[in-house]
Amino acid sequence: MEFINIFIKSAFIENMVLAYFLGMCSYLAVSKSLKTAFGLGLAVIFVLGFTMPINWLIHEFLLSENGLFGMDLTFLKFILFIAVIASMVQLVEMVVEKFSPALYAALGIFLPLITVNCAILGGSLFMITREYNFSETIAFGLGGGFGWFLAIVAIAAIREKIQYSNVPPALRGLGMAFILTGLMGLAFMSLMGIDPALLAGGQ
Amino acid sequence: MKKALLNFFERIEPNKEKSPLLHTAYDAFFTFAFAPNTVTKGGVHIRDGMDLKRTMIHVVLAMQLCYLFGTYNIGAQHYEALGMYPGFFEGFHLKLVHGLIKILPIFIVANVVGLGIEFYYAAKRGHGVEEGFLVSGALIPLIMPPDLPLWMLALSVAFAVIIGKEAFGGTGMNIWNVALLSRVFIFFAYPTFISGDEVWVSDIVKNAELGAGYVSDTYGWAHGVFDWIFRGFGWSTFGDGGIPVVDGYTGATPLALAAKGGWEGVTEVYTVSEMWWGNIPGSIGEMSKPLIIFGAIFLILTKVADWRIMVSMVLGAAAMGMIMNGMVDPARFTEDTAGVFKFMAVPWYYQFYMGSFLFAMAFMATDPVTAASTNTGKWIYGALIGAIGLIVRVWNPAYPEGWMLAILFMNTFSALIDSMVLRGNINRRMKRATAAA
């Protein structure tokens, strides 16, 4: 039950993009067409879903005081987390290049740039400050990734729709994307404040 | 008559080159009075007088009964709080005039600000005035509380029209419903003016001298003018105000009561028939269910609004309401049971009686610009609004009502839904074509 709660919470209620405004750069840059946004969204779900449990294990069994080395090494967490994320992204990149060269070409530089997508590192750091356990971490990773995926496909669909709109020239492109993101954040505030844990707790 | 009007218009037509702003205004009023006679030539096109302007006017027409009742209800709620004139026709002139004094400034400010911006952009960008704001400008007063400060209203309308519509390229291009954007702006920027128990009944203020009691506010000059007229007829007058409210008055809406005490909490204060006919406090135009249903049927018959969205929204909300009913067991309730569980136990069909479900369904969700435009998409879109709206209403303690936010939420996804439906259709036909070949 806790698993589902955290998944829903991180995907809808505390959406990575629209509540914390994390992972903005690729979100704004790759959302011009639905197809590439869809691919990048899936890649982010995959990377978040895998790196967070791995980072959790590293943090718990290598870096913490009761870990393998018996001393507090948590100051190393940034370096190690980034290393894990980078290697995971490499893996995704190789898979995408092998199976979908068209998507690989469309994503271009933004695929390797997932490494520095702050939503990914942010997720790993949230997981530590919120003291999630292992299964909660998996739920948070998948939920956060799904929320990011949802946000980018929604904005991509809107941007495709307004492609032929008579938008003032000064706002075309990135300016419109900022306005869209802000208004989407407003719409996503509808679910903010719901506490799934209270409801799951029963009467 | 018609000839004379046409002649008059021809005579006053301003020069388009010299004064574009004036010509834009002229053009707007000219096409309002006469359907333009420029039609498509050649090819197979439908030639019909039903242009954008006529479509918009149909929506405005459908809202008129809500306006009438809303105006009366502002006054009726005011006097109900004071315990005066309980009957429908008792003090009718006072209720109606009090309502008019409240609603007219709201209507004028909303339309002057909105249309002003629209005219400015139309002249600046060199297109005709599009009548999109007629509908938004008619909707906005209906979804506001009667005591809203006018500068706030002006600010919110400016936000909605500039950021929500003109930035997207004007009427027909916006992604989010303009009227709801203006309401959501106030909702998040000045929450104390649009939620809580004290804003829904007009001119009732806290009185420090009487302890925590409420009294009616001192009336302004407009009431004085009407008092002078009424005195001439020998009718009852407004007086000076300062009348204490009846015992036990809270001004709480049915939803606020339901969130605390469930359906029992609501029926202690309001009867079902009061909720049905709309004699309850709330946003100006959202209360009377039969009049809104009348408007909805009008919109369906004229095919301005799509019945699929309305039906699927009812189905979605009903399904969600049944799920919520199934999740709780009223027999196990105790004194300490949290309000949210009592709210969940409200029978699903009574959820429609409270709040603004019907208004949102008839006038907001069916907005053809922001809704999904494929038929399958409309079913999905409506059903999700129904479900999410009820989730926000019942489960989200931060907000009293859910439909505004649910509709904005689904506006965000309507482009995605359409895209998915179209893609699914393409794939299906492709499969059929390849199978046949």
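Here is how names work: the chains are called A, B, and so on, in the same order as the sequence lines, proteins then strands, and each is numbered from 1. Note that the structure is predicted; figures quoted are calculated from it, not measured.
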Against chain B, label A/Leu180 side chain, backbone, both or neither, depending on which of its atoms sit under 4.5 Å from a heavy atom there.
-> both
Contacting region of A/Met184 [heavy-atom separation from chain B under 4.5 Å] | both
Tell me, side chain or backbone of A/Leu186 under 4.5 Å from chain B's heavy atoms, or both, or neither?
-> both
Tell me, side chain or backbone of B/Thr412 under 4.5 Å from chain A's heavy atoms, or both, or neither?
-> both
Could you tell me how the ring of A/Phe140 sits relative to the ring of A/Tyr132: parallel (under 30°), tilted (30 to 60°) or perpendicular (over 60°)?
-> tilted
Select one option (side chain, backbone, both, neither) describing which atoms of A/Leu34 are under 4.5 Å from chain B's heavy atoms.
-> side chain
Bottom line for B/Tyr399: the part with an atom under 4.5 Å from chain A's heavy atoms is side chain
Between A/Ile13 and chain B, which part of the residue has a heavy atom less than 4.5 Å away: side chain, backbone, both or neither?
-> neither
Give, as side chain, backbone, both or neither, the part of B/Phe188 having an atom under 4.5 angstrom from any heavy atom of chain A.
-> side chain
Mutual orientation of the aromatic rings belonging to A/Phe46 and A/Phe50 [parallel < 30°, tilted 30-60°, perpendicular > 60°] | tilted
Is it true that the side chains of A/Ser124 and A/Trp56 contain a donor and an acceptor less than 3.5 Å apart?
-> no
Counting heavy-atom pairs under 4.5 Å with chain B, the top scorer among A/Ala157, A/Pro168, A/Gly182 is A/Pro168
By a 4.5 Å heavy-atom criterion (distance strictly below it), what part of B/Leu181 contacts chain A: side chain, backbone, both, or neither?
-> side chain
Would you please say whether a donor-acceptor pair under 3.5 Å links the side chains of B/Ser283 and B/Arg183?
-> yes
Which region of B/Trp176, side chain (C-beta onward) or backbone (N, CA, C, O), has a non-hydrogen atom less than 4.5 Å from a non-hydrogen atom of chain A, or is it both or neither?
-> side chain
What part of A/Leu191 gets closer than 4.5 Å to chain B, counting heavy atoms only: side chain, backbone, both or neither?
-> both
Against chain A, label B/Ala415 side chain, backbone, both or neither, depending on which of its atoms sit under 4.5 Å from a heavy atom there.
-> both
Between B/Asp367 and B/Thr370, do the side chains contain an N or O donor and an N or O acceptor separated by less than 3.5 Å?
-> yes
Over 60° means perpendicular and under 30° means parallel, so classify the ring planes of A/Tyr20 and A/Phe126, tilted if in between.
-> tilted
Between B/Ile163 and chain A, which part of the residue has a heavy atom less than 4.5 Å away: side chain, backbone, both or neither?
-> both
State the CZ-CD1 distance between B/Phe133 and B/Ile117, to the nearest 0.5 angstrom.
-> 7.5 Å
Checking B/Ile388 against chain A: side chain, backbone, both or neither under 4.5 Å from a heavy atom?
-> side chain
For atom CZ of A/Phe78, is the number of surrounding heavy atoms from other residues, nucleotides or ligands below 6.0 Å larger than 12?
-> no
Name the region of B/Phe187, side chain, backbone, both or neither, that has any atom closer than 4.5 Å to a heavy atom of chain A.
-> neither
Is it the side chain or the backbone of A/Ile179 that comes within 4.5 Å of chain B heavy atoms, both, or neither?
-> side chain
Would you please indicate yes or no on a ring centroid separation below 6.0 angstrom for A/Phe3 and A/Phe7?
-> no
